[in-house]
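See structure below.
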Amino acid sequence: MNKINTTQIQEAVALLQAGELVALPTETVYGLGAHARHPGAIRKIFLAKERPFTHPLIVHLASAGQLSAWAREIPASALKLAQAFWPGPLTLILKKQPEVSELLTGGQDTIGLRIPAHPIAQALLQAFGEGIAAPSANRYTHLSPTTSEAVREELGTKVSCILEGGICEIGIESTIMDLSGEQPVILRPGMISAAQLEQVLGQPLGTPHKNLPRAPGMDKLHYAPETKVVLVEDLSYFLSYLDERDLPLALLTQQEPSTQLPGLHWIRMSKQPQQYAHDLYLTLRALDKQGFKKILIETLSLKPEWDAIRDRLEKASAA
Ligand code: TXA
Ligand code: MG
């Protein structure tokens, strides 16, 4: 697997301390990391991603012992979730400590915090000892990268160092849980589900308000490939009316191929949500380079275990 190269970790730590950017693997997607207490370094993240300064960043920590350095008035619910799901693919939004830079929080009074599980992210965080601010390592509105090559494609020389960590195991971004208000609310669904969170919290989750401050992925055109993505509800109907002028097309479906039409690239996706999530961005990124007129994706089950993936499909197809 990914053996931890301590020399490389030391080099990455030195770069972070010098205010440079380091891309790091996490179990969800690759992050574009910077010293979270270094305003100059944080600014570089926004410039490299071409991301508006109003979009807050997640700060990654090595352990829950560091929470109080970043968050204040930490509710018991945060400790319960930390205990149950960290290290792992969960981000908590908490009220920030006054000295936490507003550059990180997009001017808000809250901060997103996460303890990632990937061994290389952990090794880096432990060796660095400070928080690492890291959004997904893609340009603004692009797909999140789930391999080091994808980071290179997205950011090229804008990042000083890319730590190799293989293919991200989960493949879509963390669940974001806002614990800064009256009721816990999911801002972005992820592979840790609402049911799992409710079970640990012992209380129902609230529904997100429409006017939440910069709720993640609320922008249209988030997590989208360049090739137009179209969701298809009724595949057999669609196929029976398919016009040759629309080809070549790529199709992501969970069904077995029912036609050999040349120019229709049929990709059979998993019926298991974990595997589907793992493969989604890898597949979209590969297809994006192949000159298809469109990427069609068959819509998914409405069962809650597919919530996070449906959310990403909706974003990928929102033009
Ligand atoms: O899995 C992940 O969460 C990955 C890995 C690298 O950890 N990170 C990630 O970061 O997806 P990013 O910046 O691409 O997405 C984080 C989202 C943003 O849409 C941002 O608006 C939201 O989290 N966010 C961060 N801090 C927030 C806050 N204080 N309030 C509301 N939303 C916040
Ligand atoms: Mg992102």
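Computed over heavy atoms, backbone and side chain alike; hydrogens, waters and symmetry mates excluded. Remember, it's 1-based here, ligands and their atoms both numbered in the order they're listed. For clarity, every value in this text was computed on a predicted model and none was experimentally measured.
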Any atoms of ligand 1 less than 4.0 Å from a non-hydrogen atom of [X]? List them with their elements.
X	result
T110	28 (C), 29 (N), 30 (N)
R51	12 (P), 13 (O), 14 (O), 18 (C)
T28	1 (O), 2 (C), 4 (C), 5 (C)
H60	5 (C), 6 (C), 7 (O)
S174	1 (O), 2 (C), 3 (O)

Over 60° means perpendicular and under 30° means parallel, so classify the ring planes of Y140 and H55, tilted if in between. perpendicular
Under 2.8 Å from the Mg ion (ligand 2), can any N, O or S atom of S144 be found? no
Examine the proximity of ligand 1 to L187 and report which part, side chain or backbone, both or neither, has a heavy atom under 4.0 Å away. side chain
Residue-level breakdown please: for M191 versus ligand 1, do any non-hydrogen atoms fall below 4.0 Å on the side chain, on the backbone, on both, or on neither? neither
Below 3.5 angstrom, do we get any N/O pair linking [X] and ligand 1?
X	answer
Y30	no
K49	no
R114	yes

For [X], I'd like to know if atom [atom1] has over 12 heavy atoms of other residues, nucleotides or ligands within 6.0 Å.
X	atom1	answer
K293	NZ	yes
K158	NZ	yes
E99	CD	yes

Other cluster members, L235 - Ile/Leu/Val/Met/Phe/Trp/Tyr, side-chain contacts below 4.5 Å: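 V230, V232, F238, L239, L242, L247, L249, L251, L261, L264, W266, L296, listed by chain and number.
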For [atom], which candidate among [options] holds the nearest heavy atom?
atom	options	result
atom 16 (C) of ligand 1	I58, I115, I170, L90	I58
atom 25 (C) of ligand 1	G112, P56, G31	P56
atom 8 (N) of ligand 1	S136, G190, A121	S136

Qualifying residue for side-chain hydrogen bond (donor to acceptor under 3.5 Å, both in side chains) with T26, from H118, H60, E169, R114: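 So the option named by the test is R114.
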Applying the salt bridge (charged side-chain N to carboxylate O under 4.0 Å, His left out) test to R285, which of E149, E153, E226 qualifies?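 Output: one option passes, namely E153.
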Nearest heavy-atom pair of S174 and R188: which atoms, and what distance?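 Shortest heavy-atom separation between S174 and R188 comes out as O-NE, 3.0 Å.
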Between E173 and S144, what is the shortest heavy-atom contact and its length?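 Shortest heavy-atom contact: OE2-OG, 2.5 Å.
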Does K49 form a salt bridge (charged side-chain N to carboxylate O under 4.0 Å, His left out) with E154? I'd like the steps, not just the answer. CA-CA 9 Å; K49 277 183 66 92; E154 286 288 327; over 6 Å; no
Going by heavy atoms, is T105 under 4.0 Å from ligand 1? no
